[in-house]
*Asks:* 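Quick one: structure below, then a few questions.
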Amino acid sequence: MAEHEVVHVAIAPPAMLEQELVKKVAAIVAKNHYETRLRLTGKIPKIIANYGTMQMAEATARSLRELGLVVLVCTDSELRRPSQIYRTYTIKFEEQATLFWDKSGQARRVGAGETFLILRGRMQTETQTEVTKTQRKINVTATLLMGGIPISKKVKEKVTSKSYQTESFVRLYGKMSPEVAVEMLQHDFDYSFLGAEMTSSSVTNFNAAVGKIRAAFPQAVFDDRLVDPFGADMHSAVSQDNIDMNCKLIYWYYKAMSNISSSVQPQT
């Protein structure tokens, strides 16, 4: 960990939020009740405290776990590190594995038991377009020479326009890393593999593709809490960074849940 790096403590919102729990959490993280309640509501794990050392963060995490909460601890660099995403363009399903190809023709083979989490959501992508517009402006020099009679001239200016598109995505994660193993985007995918099931609707095709992916990885956890990312949990959903960070937090949540389950000894 880098020297003086910020360490985050995040909490997965509990199923039942009681006032007594809010009070206890607020006392542990030294925040007021209102802010604490906000960070304990919703569907997505939220950062509730920041520390200068891992030791301080882990101490707070232990106290929060004693309250029965699912707590995540990560460094700021881990949370914000850009993901090296492999974006698939078409798929082929085999008996024991699934083959993904990107637009360049590079293939990635994922075995049936190699996917830990299938995360489905929606995000807004921004496209910038630069256009040249011609406008008429007052030619000050010519106007003065003509005794104040307005003289205009044509001026070309480059203007950048922004457009936004809402797009569904699916991300596959392996068991060992929060890095995205495979990503599929609704509007950048070849659905011809669907054959007779393919329709003219990208929404219908995307849903069908997701169904087949889930069937190919039956042991993987499926989560679609990011399908509606424009609520209170993601007021800045336009940012790709926010999507990536929330995906990581959800991945770490399921890893924490998996660790909790594996640590519980079966009763005899």
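We number each residue from 1, following the sequence as shown.
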*Asks:* For Asp223, which of Tyr251, Tyr253, Tyr254 qualifies under side-chain contact (heavy atoms from CB on, under 4.5 Å)?
*Replies:*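 One option only clears the test, and that one is Tyr254.
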
*Asks:* Charged N to carboxylate O below 4.0 Å: is that the case for Arg214 and Asp224?
*Replies:*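 The answer is no: the pair does not qualify as a salt bridge.
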
*Asks:* Any chance the side chains of Glu5 and Ser77 put a donor and an acceptor closer than 3.5 Å?
*Replies:*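 Short answer, yes.
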
*Asks:* In chain order, what residues pass the ring-ring contact (aromatic ring centres under 6.0 Å, His included) check against Phe169, with sequence neighbours excluded?
*Replies:*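 Scan of Phe169 (ring-ring contact (aromatic ring centres under 6.0 Å, His included), adjacent residues dropped) gives none.
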
*Asks:* Above 12 or not: heavy atoms from other molecules or residues under 6.0 Å from CD of Gln19?
*Replies:*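 Yes, enclosed.
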
*Asks:* Are Tyr173 and Thr115 linked by a side-chain donor-acceptor pair shorter than 3.5 Å?
*Replies:*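 On atom types as modelled, these side chains do not qualify, holding no pair under 3.5 Å.
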
*Asks:* May I ask you to decide if Ser177's main-chain N or O and Lys255's side chain share a donor-acceptor pair within less than 3.5 Å?
*Replies:*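 Judged by distance alone, no pair lies under 3.5 Å.
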
*Asks:* Using the rule given for ring pair (Phe, Tyr, Trp, His ring centres under 6.0 Å), can you reason through Phe189 versus Tyr191, listing the C-alpha separation, both sets of side-chain angles and the distance that settles it, and then say yes or no?
*Replies:* CA-CA 6 Å; Phe189 188 77; Tyr191 294 103; 5.1 Å; yes

*Asks:* Does one hydrophobic cluster hold both Leu67 and Val71, with members joined at side-chain heavy-atom distances below 4.5 Å?
*Replies:*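 Cluster IDs for Leu67 and Val71 match.
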
*Asks:* Going by an N to O cut-off under 4.0 Å, is there a salt bridge joining Asp188 and Lys103?
*Replies:*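 Looking at Asp188 and Lys103, the cut-off is met.
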
*Asks:* Does the pair Glu18/Lys23 count as a salt bridge with the N-to-O cut at 4.0 Å?
*Replies:*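 No, this pair does not count.
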
*Asks:* Run the salt-bridge test on Glu35 and Arg39 with the 4.0 Å N-O cut-off and return the result as yes or no.
*Replies:*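 Yes.
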
